[in-house]
Structure formats: structure tokens, C-alpha cells
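Remarks on the structure that follows.
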Amino acid sequence: RQRVEGRPRPGVLALEWLDPPFVPGHWVPEMIAWAGGLCLRGEPGARSRETTWEALRGADPDVLVVMPCGYGLDAARADARAAAERLCAVAPRAIARGRAFVVDGSSYFNRSGPRVVDGVEILAAILHPDAFPEVPLEGRAEPWVPAPVP
């Protein structure tokens, strides 16, 4: 929190499921805040909540984080690929600016435990890469770019 204090807080759309879409609850909105972001959808301490793609259309976040519940990085990447058109519709600015990411939700975001601290560090490195260059993302998070349309 100290390292992000006074920095701009990018708007973050985190999605814990894609079909149908779920916005985060429990500890994830707080993790985003601790990492220096503003969770655009989801309530701290509440349950993760089902929503619709239509309801998400106006979000247009600075940063998109796809963190499907129970999915590692490979499965999150495949899920994002399957929902690419919808993700592009709700997060066009984040995607255009290279600020869309898939993460290992199962290990760092969806379960309570000590790895939540690692999850906050991962988010901080995604949101403020210049302030957290030492945080490794390899195998834990990666930029997501939709496949080009043939």
C-alpha cells in the first residue's frame, strides 16, 4: 500500500468467470485496492456476483484482469480466447493499450490463504509495473491479446 500511495488508481475490471460473467467479491476487490487500483465492479466482503455482458459494457476499464475461479494460467488463457469478442466489447481501451491480463486465479486469487499476498503483488506489478519491476509474472500472469480475426 505504501508503494502505491499517491499514484493514480487505474480502474480495474476483474472477472472471476466468463460464461456467464462473474465480478469479484470476498477479498479480491480489497486486493485490487491494496495493489493501487480501483475495482470497477464487485463488492469487498460480498460474494462474487453473476452479471451480464450487457451490464459490463459501460465499464471500459483501464486494466482488464481475467481470473477464472479454479483455473490456472493455461485454462484462463483458453477461457479468455473463447470469450474474446465479449471481452473486447467491455474492455476496448484496456485491450487496445496492452493492459489486459490473464492470471492464475486458482493459485493467487480464488482461495484464501498465504498466496493472497502473492496475488496482491501480482496485481501491483500489473497496475504499476514501474514501481514493482522485481515481481515475477512468468507462469502467474501474462498480457492477453485477442487473436486477430482472419
Interatomic spacing from [atom1] in [X] to [atom2] in [Y] - rounded to 0.5 Å:
X: E5; Y: R9; atom1: CD; atom2: CZ; result: 9.0 Å
X: M67; Y: M31; atom1: CE; atom2: CE; result: 7.0 Å
X: L15; Y: S48; atom1: CG; atom2: OG; result: 11.0 Å
X: R77; Y: E142; atom1: CZ; atom2: CD; result: 4.0 Å
X: W34; Y: W27; atom1: CH2; atom2: CH2; result: 11.0 Å

Using every non-hydrogen atom in the two residues, find where [X] and [Y] come nearest and quote the distance to one decimal.
X: A94; Y: L64; value: CB-N, 3.8 Å
X: P10; Y: V63; value: CB-CG2, 4.2 Å
X: P44; Y: E30; value: CB-CG, 3.8 Å
X: Y71; Y: D104; value: O-OD1, 3.6 Å
X: R140; Y: L73; value: N-CD2, 3.9 Å
X: A14; Y: P24; value: O-CD, 3.1 Å

> Taking L56 as the fixed residue, which of L87, L40, V90 is the one that meets the side-chain contact (heavy atoms from CB on, under 4.5 Å) rule?
Replying inline: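 Filter result, single survivor: V90.
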> Just one of R41, E43, E50 clears the side-chain contact (heavy atoms from CB on, under 4.5 Å) bar with V23, so which one?
Replying inline: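 Answer to the side-chain contact (heavy atoms from CB on, under 4.5 Å) test with V23 among R41, E43, E50: R41.
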> What pairs with D62 under side chain to side chain donor-acceptor pair (under 3.5 Å), at least two apart in sequence or on another chain?
Replying inline: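 With sequence neighbours excluded, D62 shows a side chain to side chain donor-acceptor pair (under 3.5 Å) to R93, given in chain and number order.
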> Can R49 be said to sit on top of F22's aromatic six-ring, NZ or CZ under 6.0 Å from centre and within 45° of the ring axis?
Replying inline: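 Checked: cation-pi criterion not met.
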>> Test side chain to side chain contact (heavy atoms under 4.5 Å, CB included) on V103 and I126; report intermediate values, then the result.
In response: CA-CA 10 Å; V103 299; I126 286 171; 4.0 Å; yes
> Does G70 offer a backbone N or O that forms a donor-acceptor pair with the side chain of N110 under 3.5 Å?
Replying inline: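 Judged by distance alone, yes, a pair lies under 3.5 Å.
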>> Looking at G36, is its backbone amide N or carbonyl O close enough to the side chain of H128 to form a donor-acceptor pair, meaning the two atoms are under 3.5 Å apart?
In response: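 Yes, H128 side chain to G36 backbone: donor-acceptor pair under 3.5 Å.
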> Are V120 and L137 grouped together when hydrophobic residues (ILVMFWY) are joined by side-chain heavy atoms under 4.5 angstrom apart?
Replying inline: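 Cluster IDs for V120 and L137 match.
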>> Using the rule that Ile, Leu, Val, Met, Phe, Trp and Tyr join whenever any side-chain heavy atoms are under 4.5 Å apart, tell me whether V28 and L13 fall into a single cluster.
In response: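 Cluster IDs for V28 and L13 differ.
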>> One pair to check against side chain to side chain contact (heavy atoms under 4.5 Å, CB included): R7 and D130. What are the steps and the verdict?
In response: CA-CA 11 Å; R7 289 178 165 272; D130 58 321; 3.3 Å; yes
Report yes if the side chains of [X] and [Y] come closer than 4.5 Å at any heavy-atom pair, otherwise no.
X: V12; Y: V65; answer: yes
X: P20; Y: T52; answer: no
X: F132; Y: P129; answer: no
X: V66; Y: D79; answer: no
X: P68; Y: E16; answer: no
X: P92; Y: D60; answer: yes
X: L38; Y: I32; answer: no

>> Apply side chain to side chain contact (heavy atoms under 4.5 Å, CB included) to residues I95 and V145 and explain how you reach the verdict.
In response: CA-CA 7 Å; I95 292 167; V145 179; 6.0 Å; no
>> Tell me whether the count of non-hydrogen atoms from other residues, nucleotides or ligands lying under 6.0 Å of CD in E85 goes above 12.
In response: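 No.
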>> Surrounding CZ of R86 (heavy atoms of other residues, nucleotides or ligands, distance under 6.0 Å), is the total greater than 12?
In response: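 Not buried by this count: 12 neighbours or fewer within 6.0 Å.
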> With distance as the sole criterion, is a donor-acceptor pair present between the side chains of S106 and R111 under 3.5 Å?
Replying inline: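 S106 vs R111: donor-acceptor pair found between side chains.
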